[in-house]
Structures are given as structure tokens and as C-alpha cells.
Amino acid sequence: MSEKTEKTEPRLSVFKTYKLYVGGKFPRSESGRVYEVTDSKGNWLANAPRSSRKDARDAVVAARKAFGGWSGATAYNRGQVLYRVAEMLEGRREQFVREVAEAEGLSRAKAAAVVDAAVDRWVWYAGWTDKIAQVVGGANPVAGPYFNLSSPEPTGVVAVLAPQDSSFLGLVSVLAPVIATGNTAVVVASAKAPLPALSLGEVLATSDVPGGVVNILSGGTAELGAPLAAHQDVNAIDLAGADAELAKELEVAAADNLKRVLRPQPVDYTATPGIDRMTAFLETKTVWHPTGALGASGSSY
């Protein structure tokens with residue numbers, strides 16, 4: 001007797017629903033809008049949320065709420081958290097290889113190299129968290145019976161316009177240095193290739209990054225960049241993903257509350273980064289303290 005072959009019904013495809021990442025949660029845009037994301041050949045990949053100005057304001061509120069705890073954590077602890085992000089990315093490597101390949105029109109081998117570089121970039125910045133203070137801070141020589149000590153402190157809430165053509169490695173290269181130094185971030189993902197960024201939100205949610213430290217929006221770069229540049233509670237903005245005309249407009253808007261502005265510039269994201277993107281969003285606090293030595297009048301301090 002031959003065994004009866006069971007017929008299986010074809011399964012329906014289960015499409016991934018992409019959402020924003022704000023305050024540690026995954027909301028849809030309050031506007032309810034979406035836009036089609038396609039691959040390099042014009043084939044449909046997914047519908048991504050089109051964030052609104054209110055979404056941007058909500059992300060700033062979440063980032064400000066998280067700033068105290070994140071900036072107050074020890075640098076060593078922040079390094080552990082960033083390393084945990086690398087661990088989680090390594091575990092979802094295949095998903096990101098596929099998404100990067102589709103987003104940027106790369107072969108699987110090239111996309112794998114990009115993802116590996118992005119994971120390594122998280123590890124690289126994780127190692128810098130407790131070392132950057134020794135590089136840019138220290139004791140200053142002064143004429144007088146004082147200790148003069150300078151130490152770096154995070155600027156605050158940083159808006160980051162992610163690079164348009166490097167949807168994942170470029171994104172990590174501009175985001176990791178911001179949070180490594182204790183800032184919190186509102187990220188506007190690449191408008192044409194937002195899916196790797198939105199998936200990164202899922203990784204951050206399942207790692208040890210506190211909710212609100214990183215907030216990820218998708219949609220029009222100009223539409224979201226304008227309210228972030230003008231927002232009075234945003235302390236700095238990275239214009240990496242803005243073209244020259246938009247960058248000029250946003251820089252003018254940012255001047256209203258004296259935001260720190262990092263202008264767009266040609267960057268090879270595959271090269272080992274320096275510390276420029278970390279120091280761009282650091283303030284320097286200088287403390288004077290008497291040494292206890294005798295002054296000119298003979299009195300002690």
C-alpha cells in the first residue's frame with residue numbers, strides 16, 4: 001500500500017509591518033499616512049509610516065525625558081549597552097543583510113560586508129564611551145594656586161538626519177557617536193530606504209537601551225527636519241542626510257536657539273571613524289578649585 005500524500009494548501013505571505021520607534025514603543029504615525037518603499041529596481045518592498053510634525057515633537061519629548069537617566073549613567077555602563085546592541089544585531093544578521101541588499105541594490109556578499117561593518121561600528125563606539133573624557137578633558141595649567149579641570153558633558157537632545165544613500169552603515173555611523181557620549185537622539189531615517197532603520201528600532205527595544213534614548217522616524221527629510229531644527233528643546237542637529245539647499249534652510253532655523261549644527265560633508269562610512277562625531281555634540285565644563293597652597297599674602301586657601 002502506498003502512503004497517502006497529504007496536500008498542503010499554499011500559505012499566504014505574512015508581510016512585515018514597519019512602525020516608528022518612539023519612547024521605547026512602536027507607534028504608527030499619528031497622521032495615519034504611509035508611503036511605498038521600493039527596491040533599486042522599483043519593486044514594492046513595504047509601506048513605511050510617513051511621520052508628521054507631531055510625531056517629531058513627540059520624539060523630542062521622549063528624548064528629553066530619557067536624557068537625565070542616560071547622561072547620568074556611567075560611561076562604562078553606556079559602553080556595555082552599546083556592545084549589547086552589537087550582540088543583538090549579530091543575532092539578526094540575515095534579516096539586515098536582506099534589507100540592506102534590497103534597499104541599496106547590493107549583492108548579498110556586499111550587503112553582508114555592510115552589515116558586518118555596522119556591527120563592528122557599534123563595538124568600536126562602545127569601546128570609546130569611557131575613554132573620550134580622557135582624550136578631550138583633563139587638567140589645565142594655570143597661573144595661580146588652583147586646580148583647573150575640564151571635563152566633557154553631553155549636549156542634550158540631538159536631531160540626526162541619517163544619510164540617504166547609506167541606509168544602515170551610515171545610519172549607525174551617525175547615531176552611535178551621539179548616544180555613546182550620553183546624548184539622546186531623534187533620528188530621521190533615509191527617506192528612500194528607511195526599512196533597515198526601522199528594523200534597528202526593534203533591535204534597540206530588545207537590547208538594554210532605555211526607551212527614549214533613540215527615537216526613529218521615517219518620512220520626508222525636509223518635512224521632519226524643519227520642525228526639529230526649529231524646536232526649542234533640541235540642542236543640536238546633524239545634517240548628514242540633507243542636501244545643500246535643505247541644510248542651509250535648517251541651519252538658519254537652528255540658529256534661533258543656538259543649536260550646535262554639524263554640516264553635511266562627504267564621508268566614507270566604510271573607513272574607520274575618528275572622534276569628530278563624538279566631540280561635535282559635547283560641551284566642556286571647567287571647574288576651578290583651590291589647591292590649598294599659600295597665596296601671595298601668606299593666607300592659605
Side-chain angles (χ1 to χ4, degrees), residues 18-23 25-37 47-67 103 154-167 170-171 173-175 177-179 183-198 200-201 212-267 277 280-281:
Y18 288 90
K19 297 181 182 178
L20 309 177
Y21 182 58
V22 177
K25 299 179 180 179
F26 295 93
R28 292 180 170 86
S29 172
E30 63 82 28
S31 67
R33 301 177 302 168
V34 297
Y35 70 102
E36 291 188 354
V37 179
N47 288 335
R50 185 179 291 278
S51 304
S52 67
R53 289 171 176 257
K54 184 177 186 305
D55 291 318
R57 292 195 297 270
D58 290 344
V60 174
V61 170
R64 177 58 64 190
K65 185 177 180 180
F67 177 69
T155 296
V157 175
V158 180
V160 179
L161 306 188
Q164 298 297 329
D165 297 322
S166 185
S167 63
L171 167 71
S173 297
V174 297
L175 170 60
V178 169
I179 65 172
N183 298 290
T184 54
V186 177
V187 180
V188 179
S190 166
K192 65 180 182 180
L195 304 187
L198 297 177
L200 178 62
V213 171
V214 178
N215 305 274
I216 301 176
L217 307 174
S218 58
T221 302
E223 181 180 1
L224 297 172
L228 290 173
H231 201 297
Q232 295 295 301
D233 203 26
V234 173
N235 303 105
I237 187 167
D238 185 343
L239 301 176
D243 59 32
E245 183 177 352
L246 177 60
K248 184 177 180 180
E249 294 176 6
L250 297 184
E251 191 169 2
V252 171
D256 194 40
N257 74 333
L258 303 180
K259 286 181 181 64
R260 282 177 172 262
V261 176
L262 185 59
R263 296 180 177 90
Q265 52 196 299
V267 179
R277 287 191 177 274
F281 303 116

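Just so it is clear, the structure is predicted and the values come from calculations on it, not from any experiment. Positions are given from 1 along the sequence.
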_Within this structure, what is the CG-CG distance for the pair Leu250 and Asp238, rounded to the nearest 0.5 Å?_
11.5 Å
*Kindly compute the distance separating NZ (Lys259) from NE2 (His231), expressed to the nearest 0.5 Å.*
8.5 Å
*State the CG-OG distance between Leu198 and Ser167, to the nearest 0.5 angstrom.*
11.0 Å
_Return the CZ to CG distance between Arg57 and Leu224, rounded to the nearest 0.5 Å._
11.5 Å
*Flag side-chain contact, heavy atom, 4.5 Å: Arg28 against Leu20*: no
*asked:* Less than 4.5 Å apart, side chain to side chain, heavy atoms only: is that true for Phe67 and Pro154?
replied: yes
*Are Phe281 and Leu262 close enough that some pair of their side-chain heavy atoms sits under 4.5 Å apart?*
yes
*Does Asn257 use its side chain to pair, donor to acceptor, with the backbone of Gln232 at less than 3.5 Å?*
yes
*Is it true that a side-chain atom of Asn183 and a backbone atom of Val157 form a donor plus acceptor pair closer than 3.5 Å?*
no
_Testing the basics here: between Pro194 and Ser218, what is the closest heavy-atom pair and its distance to 0.1 Å?_
CB-CB, 3.9 Å
_Does Arg263 have more than 12 heavy atoms from other residues, nucleotides or ligands lying within 6.0 Å of its CZ?_
no
_Testing Thr184, Val178, Val174, Ile179 one by one against Val158 for a side chain to side chain contact (heavy atoms under 4.5 Å, CB included), which residue passes?_
Val178
*asked:* Counting only heavy atoms not in Arg64 (residues, nucleotides, ligands), do more than 12 fall under 6.0 Å from its CZ?
replied: yes
*Output yes when a side-chain donor or acceptor of Tyr35 lies under 3.5 Å from a complementary backbone atom of Ala191, and no otherwise.*
yes
*With the side chain counted from C-beta on, respond yes when Val187 and Leu200 share a heavy-atom pair under 4.5 Å apart, and no when they do not.*
no
*Which atom pair, heavy atoms only, marks the closest approach of Arg33 to Glu223?*
NH2-OE2, 2.9 Å
_Closest approach of Asn215 to Ala62 (non-hydrogen atoms, all atoms of both residues)_ = OD1-CB, 3.6 Å
*Quick one: does Val186's side chain get under 4.5 Å of Val234's, heavy atoms only?*
no
*Using atom types as modelled and distance alone, determine if a side-chain donor or acceptor of Ser51 lies under 3.5 Å from a backbone N or O of Ser29.*
no
*Are any non-hydrogen side-chain atoms of Ser166 and Leu171 less than 4.5 angstrom apart?*
no
*asked:* Does any part of the side chain of Arg277, heavy atoms only, come nearer than 4.5 Å to the side chain of Val267, both counted from C-beta?
replied: yes
_Side chain Ser190, main chain Gln164, donor-acceptor under 3.5 Å_ = yes
*Hey, does the side chain of Arg260 reach the backbone of Thr155 with a donor-acceptor pair shorter than 3.5 angstrom?*
no
*Which value, rounded to the nearest 0.5 Å, describes the distance between Arg50 atom CZ and Glu36 atom CD?*
10.5 Å
*Can you see which heavy atom on Leu161 is nearest to which on Gly225, and at what distance?*
CD2-CA, 4.2 Å
*Report yes if some heavy atom in the side chain of Leu239 is under 4.5 Å from a heavy atom in the side chain of Val261; otherwise report no.*
yes
*Is the backbone N or O of Ala253 less than 3.5 Å from a side-chain atom of Asp256, with the two atoms forming a donor-acceptor pair by type?*
no
_For Asp165, is there any backbone N or O sitting under 3.5 Å from a side-chain donor or acceptor partner on Lys192?_
no
_Side-chain donor or acceptor of Thr221 paired with backbone N/O of Ala242 under 3.5 Å_ = no
